[in-house]
Structure formats: C-alpha cells, structure tokens
Amino acid sequence: MVQAIHTSIKGRARYYVRELYRSVSLQKYLERSLSQYTEIIGVTASSLTGNLLVKFKPDKSDAEIAVLIEKSIANYQQQKPESRQKALEAEEQPTENWHLLDSNSVLEKFSSSQDSGLDSDTVSQNLERYGRNALVKSKSRSDWSIFADQFQSLPVALLGVASGISLISGGFADAVAITGVILTNSVIGYITESQSEKIINSLQSDEIPSALVIRNGEQQKIEIEAIVVGDILIIENSSYIAADARLIETDNLSIDESALTGESIAVSKNTETLTGENIPLGERTNMVYKGTFVTAGKGKAVVVATGKFTEMGKIQGMVSQAESSQTPLQKQLDEVGSQLVLLCSGVCGFTFALGVLRGYGFLPMLKTAISLAVASVPEGLPTIATTTLALGMHDMRKRHILIRGLNAVEALGSVQTICLDKTGTITQNQMIVAEVHIDIGIITLSDNGFIKDNNNNNIEFNPSESEALSKLLQVVVLCSESEVIPGEDGKYEVKGSATENALIYMAIAAGMDIPAFKAKHPLIKTYPRTENRNIMTTVHKTEGEQILIAVKGSPEEVIKICTRVSKNGEVVSLTQEDKQALELENERMAGKALRVLGVAYAYVDNGNENPEHDLIWLGLTGMADPIRQGVAQLMEQFHQAGIDTVMITGDQSPTAYAIAKKLNLNRNHKLEILDSSDLAEVGSEKLQALCQQVDVFARVSPADKLQIVQALQGKGKIVAMTGDGINDTPALKAADVGVAMGSGKADVVREVADVVIEDDRLETIINAVSRGRTIYSNIRKSVHFLLSTNLSEIIVTTAATALGLGEPLNTMQLLWLNLVSDIFPGLALAMEAPEPEVLNRPPRNPDQPIIKRSDFERIAVESGVISTSALTAYSYGLLKYGQKPQASTILFMSLTLAQVLHTVSCRSETHSIFDRERLPDNPYVDGAVVGSAALQLLPLFIPGLGNLLQLAPLDPLDWLVIASSAGLPLIINESTKTSSSSL
C-alpha cells in the first residue's frame with residue numbers, strides 16, 4: 001500500500017507504506033534504493049509509523065514517485081533475507097592519505113571529473129556499496145528502559161523480597177502495601193528522568209541540510225545524506241562542509257575547524273599536495289572535513305569519505321566505545337544496600353532460630369522474621385534518594401542547566417578535577433581586536449570605545465585624531481572579504497572569517513560607513529594568502545588617477561615589503577631600528593595570546609605590475625578570542641572548593657599558556673603545560689602521573705582528550721569534562737560528568753553529555769557543584785535517620801523475642817511505622833538548606849562510604865536510646881494489660897513518635913538544634929514532624945484502619961507514658977551530640 005497522505009509544498013510528499021511499519025530492514029532499503037533515482041532529492045523513512053517522506057524534483061507528480069516506491073518494495077520482497085542483509089551492510093570505503101596525493105590522482109581513484117563529476121550509474125553504485133552520508137544518531141532511552149532502571153537498586157530489590165515473603169505467608173495486604181511503596185518510588189524517578197530526556201532531545205535539529213554538487217556535468221542541489229564518494233562538492237562562503245573531501249580548486253578559502261580540532265583560528269586552504277608523515281588534522285591544508293564551517297572564499301573538492309568513515313564519524317565511533325562510569329552515589333547506595341542485605345539475613349535468621357529453640361511455632365516465627373525483614377529495609381531510602389535528586393534537577397532547570405540523569409546532580413558535587421575545553425567554553429570563539437599599535441602608541445578597544453595608553457594613564461581617544469589609525473581602519477576594511485549588510489536599525493550584519501569580522505567591527509565602532517567607503521574604492525584585484533605567502537593584498541580604484549594598495553598579514557612578511565612609515569601625519573623612511581622595534585612589539589603582543597597582523601598601504605600608478613613593494617607601514621592589530629566574562633572568578637571558586645582545573649585545547653602552546661596564566665589556572669600559580677606531541681611517547685602509567693601535575697594540554701586531538709580524562713580517572717579522580725564540539729564527545733561520555741555547552745554545533749555533544757548548560761554561562765557550574773554537595777550531605781542525613789530508626793525496630797523486635805515477650809509489633813504495624821516515620825521526615829531532611837561553608841570544603845574522598853564507621857557508632861547509640869525507651873513503655877503495658885493489643889499499641893505509638901522526633905536530631909551531625917546561629921530553620925522538618933504525628937494518630941479515629949493495624953483504646957496515663965517515652969530519646973541524643981560537638 002502506497003498512498004500520498006500529505007503534500008505541504010510541491011516536490012515534497014509523505015506516503016504511507018503498510019509494509020514499512022515495524023520493518024527496519026525495509027526502512028533502510030527504501031532510503032538507500034530510492035536515493036538512486038535522479039528524480040528524488042531526499043528520502044526519510046520511519047518503521048515506527050510506516051510513513052515515508054520523499055523530496056523530489058518539482059516537475060514530477062506524487063503518482064510518479066509512488067510508482068518508484070512500489071518498484072523498490074517489489075525488488076525488496078523478491079530478495080532473500082540474506083541478500084537483503086548483505087545489501088544493507090555498507091562496505092568499507094577506500095582509505096588513503098588523501099592529503100599526500102595530488103588532486104588528479106584522487107579524481108582518478110573515484111572515476112570522477114572536476115568539470116562533470118560522477119554519472120548517475122556511478123552514484124547509484126557508490127550509494128549501494130558505501131551507504132548514505134549520515135552519522136548514526138545516539139539512541140534515546142525508551143520509556144520502558146527509563147522505567148525499568150528505577151528497579152535496579154538493592155533497596156528496591158530488598159523490598160521486593162519482603163513483599164514476596166509476605167505474599168507466600170498469606171500476608172496479602174502487607175505485600176500490596178510494600179509493592180505500593182516500590183511503585184511510588186519508580187513513578188517519581190520515571191517522570192523526572194523522562195521529562196529531562198525529552199527536553200534534551202528537543203534540542204536536536206531535525207533539519208536535513210542540502211549541498212551543491214556536480215553530477216552529469218550539471219550543478220545540482222541534493223540532500224547531504226545522498227552525497228557519495230567521488231562527488232564534486234561546490235564550496236561556498238558561510239556554508240557547512242557536507243563530507244570529507246580533497247580540495248581541487250580554491251579561491252581564498254578559509255575554514256573554521258574548531259568543532260573538529262578545537263583550534264579557534266580559521267585555517268586557510270589550498271590545493272597544494274602535502275609531504276611528510278603524521279601530519280595533524282589541523283595542518284592538512286588541502287582537505288576539508290564534514291561538520292566544519294566555511295568562513296571565507298569558495299572552492300571545489302572531491303569527496304573521499306562519507307558517513308561513519310569521515311573524521312567526525314570516527315569520533316562518534318569513539319563515543320560508542322567510551323563507557324560511562326557509575327557515579328559515587330550509585331556506588332555508595334549499592335554499598336549500603338549490601339550492608340542491609342547482610343544485616344537483614346543475619347538478624348532474621350538469628351531471630352527465627354532463637355524463637356524456634358524457645359518453643360514458638362514455626363509459622364509465628366516465620367511471620368516475625370517477615371516483620372524483621374520489613375523493619376530492616378528502609379522503604380523510604382529509594383524514594384528519598386530519587387526525590388532529593390529530582391528536586392536538584394528541577395532547581396538546576398530553573399537556572400538553565402539540564403540534567404540528563406538523576407545521579408549527575410550528585411556527581412557534580414563530587415567532582416575533584418574539571419577539564420575545561422578552551423575554545424567556545426573558556427573563550428567565546430569569537431575574535432575581537434584587543435590592541436592596535438600605531439605611531440602614537442598603543443590603542444585598546446573596550447565597550448566604551450577607543451582607549452589610548454598615555455604613560456599608563458588610559459584616556460578616551462577619538463580615532464579621527466590620528467591619521468595613521470584612520471588610514472589603518474580604511475585599509476583593513478578594504479583588504480577584507482567579509483560581507484557587510486546594513487540593517488534596518490542602523491546596525492550592520494557582518495559575514496566572513498572571524499579575524500576579518502573583528503577588524504570590520506573595529507571600523508564600525510570608529511563610526512565608518514563601510515558600504516559607502518567600499519563603494520568609493522571598488523575592488524580591482526585580490527592577491528589571496530597562499531601556503532608560501534602569508535599576506536593578503538587588494539587593489540582598489542580611487543577618486544583620483546592613482547590606485548590604492550591595501551595589505552594585511554604576517555607582521556614579519558609585511559615589514560619586509562615596507563620602506564616607509566607613517567609618523568605624526570608624515571610619511572618618512574622606515575629605518576632598520578624601526579623594523580627591530582616593530583618586531584619586538586610583535587613579540588610582545590603575541591606573548592599576550594593575541595593573533596597579530598601587520599597593516600600597510602601605498603598609492604601607485606595605474607598599471608603597476610608589482611604592487612607589493614615600497615609600502616607605507618601603518619601599524620599592528622592584535623586580536624584575541626576573549627575569555628568569557630566571569631571565568632577568571634570561576635577558577636577562584638573552583639580552587640576554593642578544592643577542585644583542580646585543567647585546560648584542554650587544540651590551540652598552540654603559547655596561546656594556551658597565556659590564557660591559562662590570565663585565569664590563574666593553577667591555585668599555586670605554577671603552571672605546567674604539555675604539548676600533545678609529547679603524549680605519543682608517554683605510557684598510560686606515566687600519563688596518569690603527569691596528569692596530576694599538568695594544568696594545560698595543548699594541540700590535543702579527540703583521542704588525546706579521551707586519554708587524559710581516563711588517565712585522571714585511573715588515579716581515582718572524579719572528573720568533569722566540558723565541551724561544545726564534536727571533538728569533545730568521546731571525553732564527555734567517558735568523564736564522570738560530561739558538561740555540554742548549549743550552543744554546541746553538533747547534536748551528538750548534547751546527546752552524550754550528562755549536563756547541558758542551556759544559556760552557555762560556564763559559571764553556573766559552581767551552582768551545580770554547591771547543589772550537588774548539599775544533596776549528598778542531605779542524603780547522608782536521611783540515610784542516617786532511616787538506619788537509626790529502622791535499627792531501633794530491629795532491636796525492639798529481637799529483644800522482645802529473646803526475652804520471651806511475644807510479638808511486639810506485627811508486619812502491618814512495622815510497615816505503617818516505616819511509612820509514617822521514614823518518607824516524610826526523610827524528605828524534609830533532604831530539603832535542608834546549603835551550609836554556608838559548603839564551597840569552602842574540599843570534595844569528599846570517593847572511596848569514603850556514605851555512612852562511615854563513626855556514623856554507625858553514632859547510629860547504634862541513638863537506636864539503643866530509642867529502643868530502650870520504647871521497650872520500657874512496652875514493659876509498662878505488659879505489666880498493666882498483659883500480652884494484649886493495648887500493650888502492643890503503647891509500644892507502637894511510643895516507637896513511632898520517638899522516631900518522628902528523631903528527625904529533628906538528624907538535621908546536623910555536630911550542631912545542636914538549639915544553636916540557632918549555625919543551624920537555620922527548616923520549615924519542612926517542622927511540617928513533617930507535625931504531619932507525621934497527626935498521621936500516626938489517625939488510625940485511632942478511623943475504626944477500619946485501627947482494626948487493620950490491631951490497635952486498642954488507651955487511657956490518659958498510657959498517653960503520658962507514650963509522650964515521655966517519645967520525648968526522652970530526643971533530649972538524650974541531643975545532649976550527647978552537644979557534648980561531642982563541644983569537645
């Protein structure tokens with residue numbers, strides 16, 4: 001069945017294909033086979049819905065395209081299953097050092113032509129052999145997978161065992177109640193994680209871009225996924241490169257490769273064949289790569305790799321190989337769960353054996369063992385941990401930070417080392433002019449305009465006051481390929497390379513009317529930069545008879561062709577001393593991490609065949625990729641929080657060092673830098689040692705970044721990694737916490753990250769660190785509370801059995817007790833405010849358990865006090881009523897209310913609740929205590945619920961005993977804590 005069900009515009013239709021529904025193999029087959037037809041521009045199929053979206057040439061009808069679809073389906077159905085599979089598996093594409101081959105050899109390799117490209121038959125063959133030019137998208141977690149993950153923790157497993165035992169022994173109501181707690185926890189976790197997953201996935205772009213190619217001697221616009229090896233790409237300014245390709249023609253072509261290499265400065269490209277071995281990706285000037293961006297110029301290139309065989313595809317392959325690690329909280333909760341398993345098994349077995357030896361019946365002792373199993377498992381632990389982390393996620397979302405998983409919030413608070421990508425993360429990845437050196441001295445630019453350094457006294461400066469600066473601005477405007485488009489609001493839109501755009505914006509800041517000035521000086525000729533000539537020259541007409549020569553480029557090369565210099569409004573000879581001074585100034589500016597260009601000009605007679613000589617020197621311009629606002633202060637905050645900062649960049653060592661020095665990247669102000677060229681000679685063990693000493697890694701590749709992160713983890717560090725480009729993704733996935741900047745160019749960056757900073761404000765990470773540490777501290781308080789209260793239940797039950805006092809609490813009472821005294825008070829403790837010194841403490845040792853030995857000692861004391869007080873009240877009830885429901889009710893009320901009041905004591909490990917200067921109020925704890933107490937009294941007023949719990953009426957004296965038994969443990973435990981804190 002093929003039916004066009006929707007047509008939005010001519011040349012685009014959506015079809016429904018019955019056979020396509022739930023057939024992944026047919027989906028892939030149709031996408032590949034239909035792309036072979038010249039009538040079809042692009043194909044996207046869905047095996048989930050049976051829909052097929054086809055883009056085709058406007059002169060074709062929906063019916064004609066439907067015939068082609070039916071033909072493809074018929075061919076598919078005629079094939080044997082093994083033939084279908086073989087047809088779907090893409091062959092390995094040919095691999096060569098394409099940058100070492102001349103362009104003609106590359107064209108011959110793919111049977112292509114620079115002027116006519118591939119023919120239709122070759123396109124079909126290559127598409128069939130090698131597959132579509134598409135990267136495999138990371139699969140989103142399914143709803144079922146997210147829900148199933150909620151049942152992975154040991155506490156939930158223990159609850160499941162307790163529920164099963166209750167069901168087997170006839171306690172259907174008990175089993176249903178325990179199962180309800182498990183489902184409640186799972187629903188909370190599922191809703192939170194699924195919402196976050198949907199938000200992050202919504203950031204992905206669904207647009208399928210197109211590219212220009214030459215096929216059959218004609219220029220065609222096709223879908224990027226339909227590009228094959230051997231295609232001739234037409235490269236235009238301000239476009240993305242669709243596949244890896246060898247350049248065969250260039251015209252002043254520059255490419256921004258920062259998303260792939262991390263290098264912030266655009267790379268000039270040419271067609272010259274390279275020589276040598278192990279040429280880094282960023283230095284292959286005759287190649288262009290998928291996912292990079294054209295900043296200036298144009299050209300042609302023959303495609304040498306598509307899809308997963310491109311450099312970007314290889315990086316994505318590394319992403320799939322990099323394994324995500326467990327967060328510290330996961331490890332700690334697993335450890336606590338293991339301890340609970342041992343405790344539960346030992347106590348239940350001991351009590352069961354003791355009861356049988358004392359002559360109790362088998363079934364009564366089995367019920368007692370079930371009661372202990374319920375008592376030993378803190379039902380509230382999964383809910384409290386999940387909800388606490390969910391609240392952290394919600395809080396971060398309000399601050400434009402998206403958290404993919406619950407545990408990523410806590411893991412941020414555990415980070416010991418943060419690896420920061422430079423370009424686009426520390427810096428803005430946007431060049432600006434920082435300094436200009438002319439005859440009158442140094443001019444700097446700020447938001448307030450031009451500033452002149454006058455003997456260390458900065459004063460505002462009008463560019464029109466200096467003839468040299470005015471002329472420099474005119475020259476850099478003319479010697480540029482950036483496109484300047486006037487806007488309706490009087491502002492300009494500038495399109496071109498980052499470097500030239502920065503110079504244009506400087507001229508705009510000086511008040512120049514760029515379009516008008518360029519119109520008065522029309523371009524005659526351009527001499528672009530080449531591999532052996534690092535300057536650019538443009539020739540322009542003027543209003544007079546002379547021709548204006550505008551030059552900018554490498555200061556050393558520009559100085560060589562200058563014989564004069566503009567000083568104080570006059571043109572004088574450029575002496576050798578002047579040249580030496582300029583060279584020193586160039587070195588000074590380069591040492592400040594500036595990209596320095598020399599600027600010169602001349603007026604010559606029309607017809608001058610050699611314009612690049614006898615020029616007039618104007619000055620130096622220094623450009624920088626500015627550090628993001630607040631990053632320097634952020635480094636101080638990281639250091640104050642005990643977090644080591646490491647910068648990883650594709651930039652050169654001097655640039656990286658200068659930026660790291662500005663940031664005070666090392667807290668001890670002793671910077672250590674390592675170039676990637678040295679990493680190849682370093683073994684894994686030595687690298688682990690070096691990583692603890694090195695602050696800056698320069699000229700690194702994606703594989704180097706992954707290696708650095710893994711080396712730090714090998715030394716036991718909890719590592720966070722930030723990034724915004726495809727080159728960062730392997731390290732982002734391998735890190736304990738991968739942090740993606742929201743404006744990253746590649747969807748895969750956000751797909752693999754644990755945290756997405758939506759507004760690109762790097763400093764918000766410190767808020768997440770603070771929140772993460774607070775969450776961990778609050779979970780410790782909740783776990784402490786749960787263990788101490790549940791241990792008191794075990795002590796009471798075991799002691800009563802050992803002393804022959806019968807069954808003090810039944811299973812339903814224990815479950816009710818835990819629901820009342822665990823969940824709401826535990827959640828209230830999770831809402832404790834951050835402690836003032838939370839960022840003044842170093843990160844915790846990841847090997848340190850969530851509950852230390854000293855904590856267990858404290859828990860034992862607190863549980864002992866609560867149990868003793870409750871057993872005393874129970875003894876009173878036995879003496880008064882015997883082994884009747886009234887005695888059990890007294891114990892039930894005493895123990896529950898004592899546990900509820902114990903919430904107050906668990907707010908701080910060291911400080912008393914009476915020390916209000918150091919312990920802020922927590923209204924959630926107040927509400928939980930009052931609410932839980934009221935809930936505990938509710939069964940007394942609802943007969944049906946009271947009968948279910950087997951409660952009996954009590955007299956006023958009984959309630960006085962209960963109140964005393966509940967309040968005394970709080971006073972004792974607080975007094976011991978106060979004394980311990982005062983030591």
Side-chain angles (χ1 to χ4, degrees), residues 171 174 347 351 354-355 358-361 363-365 367-372 374-375 788-821 862-902 929-930 932-973:
D174 299 347
V347 172
T351 305
L354 181 63
R358 290 185 62 87
Y360 294 113
L363 186 59
M365 286 312 306
K367 291 182 177 181
T368 300
I370 293 172
S371 300
L372 279 179
V374 174
S788 57
T789 53
N790 284 31
L791 181 58
S792 67
E793 298 165 24
I794 294 173
I795 293 174
V796 167
T797 304
T798 305
T801 302
L803 295 174
L805 301 179
E807 183 185 20
L809 299 170
N810 58 49
T811 303
M812 187 58 70
Q813 286 177 337
L814 282 168
L815 183 60
W816 173 270
L817 188 155
N818 285 355
L819 287 174
V820 170
S821 66
E862 293 171 348
S863 301
V865 172
I866 294 173
S867 303
T868 302
S869 181
L871 285 171
T872 301
Y874 183 49
S875 300
Y876 157 80
L878 290 174
L879 291 174
K880 183 175 181 180
Y881 298 107
Q883 289 188 354
K884 293 184 177 180
Q886 288 87 344
S888 178
T889 302
I890 292 174
L891 173 60
F892 177 56
M893 290 294 177
S894 298
L895 185 59
T896 305
L897 294 176
Q899 291 183 356
V900 169
L901 290 176
H902 189 57
V929 170
V930 173
S932 296
L935 195 61
Q936 174 64 15
L937 299 176
L938 192 63
L940 299 176
F941 303 97
I942 302 177
L945 186 57
N947 293 335
L948 180 65
L949 295 173
Q950 299 180 20
L951 300 181
L954 301 174
D955 61 31
L957 180 60
D958 297 337
W959 282 108
L960 181 62
V961 170
I962 291 171
S964 301
S965 176
L968 188 61
L970 174 64
I971 298 173
I972 295 175
N973 288 330

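For the pair Tyr874 and Val796, the minimum side-chain heavy-atom distance is 4.5 Å or more. For the pair Leu791 and Glu862, the minimum side-chain heavy-atom distance is 4.5 Å or more. Within the 4.5 Å cutoff, the side chain of Lys880 has heavy atoms near those of the Asp958 side chain. Contact annotation: the side chain of Gln950 never approaches that of Ser888 to less than 4.5 Å [non-hydrogen atoms, C-beta and beyond].
With rounding to the nearest 0.5 Å, the separation of OG in Ser932 from CG in Leu938 is 12.0 Å. Residue Tyr881 holds its OH atom at 5.5 Å from OH of Tyr876, rounded to the nearest 0.5 Å. Taken to the nearest 0.5 Å, the CE atom of Met893 stands 5.5 Å off from the CG atom of Leu951. To the nearest 0.5 Å, atoms CD1 (Ile942) and CG (Leu949) are separated by 10.5 Å. Glu793 contributes atom CD, which lies 9.5 Å from atom CD1 of Ile866 (distance to the nearest 0.5 angstrom). For the atom pair CD1 (Ile962) and CG (Leu891), the distance works out to 9.5 Å, reported to the nearest 0.5 Å.
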Check your understanding: Are Leu817 and Gln899 close enough, and set up right, to give a side-chain contact (heavy atoms from CB on, under 4.5 Å), and what steps lead you there?
Key -> CA-CA 9 Å; Leu817 188 155; Gln899 291 183 356; 2.8 Å; yes
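Shortest non-hydrogen contact noted between Thr868 and Gly864 is OG1-O, 2.7 Å. Between Ala873 and Ile890, the shortest heavy-atom contact is O-CG2, 3.6 Å. The minimum heavy-atom distance between Ala887 and Gly882, with the atom names listed, is CB-O, 3.5 Å. For the pair Thr889 and Ala952, the tightest heavy-atom approach, listed with the atom from each and the gap, is OG1-N, 3.0 Å. The heavy-atom pair separating Gln936 from Phe892 by the smallest distance is NE2-CE2, 3.2 Å.
Checking side-chain atoms of Ser792 against main-chain N and O of Ser863 turns up no donor-acceptor pair under 3.5 Å.
Shown here are the side chain to side chain contact (heavy atoms under 4.5 Å, CB included) partners of Val865, two or more places apart in sequence or in another chain: Pro969, Ile972, Asn973. By the side chain to side chain contact (heavy atoms under 4.5 Å, CB included) test, Ala933 pairs with Leu897, sequence neighbours left out.
Side-chain contact check for His902 and Ser788: at least one donor-acceptor pair (N or O, by modelled atom type) lies under 3.5 Å. One side chain, Ser965 or Ser869, offers a donor N or O that lies under 3.5 Å from an acceptor on the other.
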